[in-house]
Amino acid sequence: MMQHGYVCPRASDVAGAQGLFTRDQLSQEVERVAVSLLGATLSRTDCAGTVAVRIVEVEAYGGVGEDAASHAHRGVTPRNRAMFESAGLLYVYVAYGMHWCLNVVCGPAGVGSAVLIRAGEVMVGEELARRRRPSARSAVNFAQGPGNLSAALGVTGADSEHDLVSDSSAIQLWRPGAPTPREAIANGPRVGIRREVDRRWRWWLSTSPSVSRARKLTPHTPR
DNA sequence: GCGACGATCTCA
DNA sequence: GAGATCGTCGCC
């Protein structure tokens with residue numbers, strides 16, 4: 001059904017977005033890229049409209065041979081092929097047979113590292129996000145969790161290998177409007193994995209209500 | 001070719 | 001706390 005008299009706000013109009021990430025910025029080591037994505041904006045536009053989210057939670061996954069929890073660990077397969085392409089591409093896979101999970105390929109090409117975008121706050125296209133997330137209780141939940149975030153944006157496997165840093169792209173990754181203060185970032189082990197559980201490769205914005213879960217279980221100032 | 005198992009989410 | 005639900009990959 002068409003919307004009448006409604007003009008979608010552009011992602012570049014929100015959150016003081018300072019332009020798209022560059023491929024060079026995303027080609028750095030995966031931990032550094034993961035932290036740099038906190039506060040960034042991810043937008044997707046299709047015939048239904050535009051949804052943009054502010055990224056509030058990420059996890060890093062290492063390249064081939066480096067990180068046993070990563071899909072890239074054993075090398076290239078048909079599923080993970082996108083991980084080994086250029087930084088700035090999208091890698092989308094299906095989890096538990098029903099949820100799409102969205103990753104930003106990073107690091108030098110061929111390494112296979114990527115950042116899983118686990119949660120965001122919807123900044124643009126709230127009505128569209130609400131329609132895509134009928135079971136969500138409130139806007140806080142629209143993009144809370146990796147499967148929910150993909151659903152709110154309308155991302156599916158068909159979007160895998162899409163370029164996030166091209167001016168003409170339908171899915172784009174915008175730099176944060178302002179640097180994120182270090183004290184606003186919390187850190188802990190990744191969620192839902194059985195290998196490499198000691199690696200603290202999950203980062204989130206400690207004040208965001210849209211962080212996916214278990215904040216209380218992963219205090220960021222252990223002693 | 002087959003079977004086990006997930007980088008999850010929702011509701012009881 | 002368990003069920004939904006299916007693609008992927010390791011192994012036979």
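Protein chains get the first letters and strands the later ones, always in sequence-line order, with residue 1 at the start of each.
- The shortest side-chain heavy-atom distance between Arg118(A) and Gln144(A) does not fall under the 4.5 Å cut-off.
- Grouping Ile, Leu, Val, Met, Phe, Trp and Tyr by side-chain contacts under 4.5 Å, direct or through others, leaves Val111(A) on its own.
- In this structure, Val197(A) and Pro189(A) have side chains that are not in contact, with every pair of non-hydrogen atoms separated by 4.5 Å or more.
- Among the atoms of the strands shown, only primed sugar atoms or phosphate atoms (P, OP1, OP2) are found under 4.0 Å from some heavy atom of Arg79(A).
- You'll find the side chain of Leu26(A) reaches within 4.5 Å of the side chain of Leu37(A), heavy atoms only.
- Side chains of Val51(A) and Val124(A) form no contact here, defined as non-hydrogen atoms less than 4.5 Å apart.
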Next item on the list: Taking Watson-Crick and G-U wobble pairs with both distances under 3.5 Å, convert DNA chain B into its dot-bracket string, 5' to 3', dots for unpaired and | for cross-strand pairs.
Entry: ||||||.||||.

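- A donor atom on one side chain and an acceptor atom on the other are not found under 3.5 Å apart for Gln25(A) and Ser36(A).
- Every pair passing salt bridge (Lys or Arg N to Asp or Glu O under 4.0 Å) that includes a residue from residues 21-40 of chain A is listed here, sequence neighbours excluded: Arg23(A)-Asp163(A).
- Residues in residues 94-105 of chain A take part in no side chain to side chain donor-acceptor pair (under 3.5 Å) pair, two or more places apart or across chains.
- Here dG6(B) presents its P atom at 16 Å from CG of Leu116(A), a figure rounded to the nearest Å.
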Check: Please walk me through it: do Arg44(A) and Asp159(A) pass salt bridge (charged side-chain N to carboxylate O under 4.0 Å, His left out)?
Finding: CA-CA 10 Å; Arg44(A) 182 175 179 279; Asp159(A) 294 317; 3.2 Å; yes

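- In this structure, Arg74(A) atom CZ and dC5(B) atom P are separated by 14 Å, rounded to whole Å.
- Computed from coordinates, the Leu149(A) CG to dA7(B) P distance equals 18 Å when rounded to whole Å.
- Residues Leu90(A) and Leu173(A) have side chains not in contact (no heavy-atom distance under 4.5 Å, counting atoms from C-beta outward).
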Shorter than 3.5 Å, N or O on both sides, protein versus nucleotides 10-12 of chain B: list them out with atom names.
unit_1	atom_1	unit_2	atom_2	d
dT10(B)	OP1	Arg133(A)	NH1	2.8
dT10(B)	OP1	Arg133(A)	NH2	3.3
dT10(B)	OP1	Ser135(A)	OG	3.1

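- Of the inter-residue distances, the one linking Ile117(A) atom CD1 with Glu57(A) atom CD reads 10.0 Å to the nearest 0.5 angstrom.
- Here salt bridge (Lys or Arg N to Asp or Glu O under 4.0 Å) pairs that include residues 87-112 of chain A, with residues two or more places apart or in two chains, number zero.
- dC9(B) atom P lies 10 Å from atom CD of Glu57(A), rounded to whole Å.
- Using a 4.0 Å cutoff on non-hydrogen atoms, no part of residues 29-37 of chain A comes near DNA chain B.
- In summary, contact between chain A and DNA chain C, defined as any nucleotide atom under 4.0 Å from a heavy atom of the protein, begins and ends at dA4(C) to dG10(C) in the 5' to 3' direction.
- Sorted by first and then second residue, the salt bridge (Lys or Arg N to Asp or Glu O under 4.0 Å) pairs involving residues 88-106 of chain A (not counting sequence neighbours) form an empty list.
- Clustering of Ile, Leu, Val, Met, Phe, Trp and Tyr by side-chain heavy atoms under 4.5 Å joins Tyr61(A) with Val64(A), Val76(A), Met83(A), Phe84(A), Leu89(A), Tyr91(A), Tyr93(A), Val105(A), Leu116(A), Ile193(A).
- For the salt bridge (Lys or Arg N to Asp or Glu O under 4.0 Å) condition, no pair includes a residue of residues 148-158 of chain A, sequence neighbours left out.
- The stretch residues 96-105 of chain A touches DNA chain C through Tyr96(A), Gly97(A), Met98(A), each having a heavy atom within less than 4.0 Å of the strand.
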